[in-house]
Amino acid sequence: KQIGATEQFYQFAINDINSSNLELRLSAIRILADTNPDAATPILITLLKDRNWLIRDATIQSMAKLKKEEVIKYLAQALNDEVWWVRVNAAKALVNFGDEGRVLLEVSSKYRELQLFLEASYFLKIHDLREK
C-alpha cells in the first residue's frame with residue numbers, strides 16, 4: 001500500500017486472497033478496495049461469509065473504503081455477526097457512510113441487545129461530536 005495500491009496490483013491481491021497463508025489473505029483484503037473498487041465489491045461481499053472472523057473483519061474495513069451505497073446493507077447485516085470486533089467495525093463503517101449508514105445504525109440499535117446498542121451508540125456519539 002505504501003508504494004501505491006493502484007489497479008495494476010489488483011490481480012496480485014486477488015491471488016493473495018486465495019492463499020493458504022492467513023496473514024497474506026488479510027493484507028490482500030485490506031488493499032483490494034484500493035486497487036480496483038468496482039471489481040472488488042462483489043468479492044468483498046462474498047468474503048463477508050467467510051468462516052474466519054478475521055477475514056470478515058478485514059473485509060468490513062476494506063468495504064468501508066469503498067464508499068458505495070450498495071455495500072451498506074451488507075455492513076448492516078454484519079451488525080449481527082457473532083464476533084464483537086466484526087460488529088464494532090461494521091458499526092464504525094456505517095457511521096462513515098453518511099446519513100444512510102447512520103440511520104441504519106440508529107434503527108438497528110433500537111432493536112438489538114444492549115451490548116450492540118452500546119457499541120453502536122459509541123460511534124453515533126463520536127459522529128455527533130464531529131458534527132459540532
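Counting begins at 1 with the first residue of the sequence. The structure presented is a predicted model; accordingly, all values stated were derived computationally and were not measured.
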**Message:** If you define the side chain from C-beta out and look only at heavy atoms, does anything of T46 sit under 4.5 Å from T59?
**Reply:** no

**Message:** Could you measure the distance from the CG atom of N21 to the CG atom of D16? Nearest 0.5 Å is fine.
**Reply:** 9.0 Å

**Asked** For D38 and K68, what are the C-alpha separation, side-chain angles and deciding distance, and is it a side chain to side chain contact (heavy atoms under 4.5 Å, CB included)?
**Response** CA-CA 9 Å; D38 292 331; K68 291 182 162 203; 2.6 Å; yes

**Prompt:** Linking I/L/V/M/F/W/Y whenever their side-chain heavy atoms sit closer than 4.5 Å, directly or via other members, would L24 and I17 fall into one cluster?
**Reply:** no

**Message:** What I'd like to find out is whether the side chain of N89 reaches to under 4.5 Å of the side chain of L75, using heavy atoms alone.
**Reply:** no

**Asked** Testing V71, L32, I60 for side-chain contact (heavy atoms from CB on, under 4.5 Å) with L44, which one passes?
**Response** L32

**Asked** About how many Å separate CD1 of I14 and CD1 of I43, when rounded to the nearest 0.5 Å?
**Response** 3.0 Å

**Prompt:** Measuring from L26:CG to N52:CG, what's the distance to the nearest 0.5 Å?
**Reply:** 7.0 Å

**Asked** Which heavy atom of N96 sits nearest a heavy atom of K67, and at what distance?
**Response** O-NZ, 2.7 Å

**Prompt:** At what distance, to the nearest 0.5 angstrom, does OG1 of T35 lie from CD of Q11?
**Reply:** 9.5 Å

**Asked** When you measure from the side chain of K92 to the backbone N and O of Q61, does any donor-acceptor pair fall under 3.5 Å?
**Response** no

**Message:** Taking CD in Q77 as the centre, count heavy atoms belonging to other residues, nucleotides or ligands within less than 6.0 Å. Is the count above 12?
**Reply:** yes

**Request:** Taking all non-hydrogen atoms of both residues into account, name the closest pair between A91 and L79 and its distance.
**Result:** N-CD2, 3.7 Å

**Request:** Could you tell me whether the side chain of F9 reaches within less than 4.5 Å of the side chain of D34, counting heavy atoms only?
**Result:** no

**Item:** Atom CH2 of W85 with >12 non-hydrogen neighbours under 6.0 angstrom
**Value:** no

**Asked** Between R87 and E82, which heavy-atom pair has the shortest distance, and what is it?
**Response** NH1-O, 3.4 Å

**Asked** Can you tell me if S62 uses its side chain to pair, donor with acceptor, with the backbone of I29 under 3.5 Å?
**Response** yes

**Request:** Applying side chain to side chain contact (heavy atoms under 4.5 Å, CB included), run through D57 and V83 and close with a yes or a no.
**Result:** CA-CA 9 Å; D57 192 55; V83 176; over 6 Å; no

**Message:** Rounded at 0.5 Å granularity, tell me how far CE in M63 sits from CZ in R56.
**Reply:** 13.5 Å

**Message:** Could you measure the distance from the CG atom of L66 to the OG1 atom of T41? Nearest 0.5 Å is fine.
**Reply:** 4.5 Å

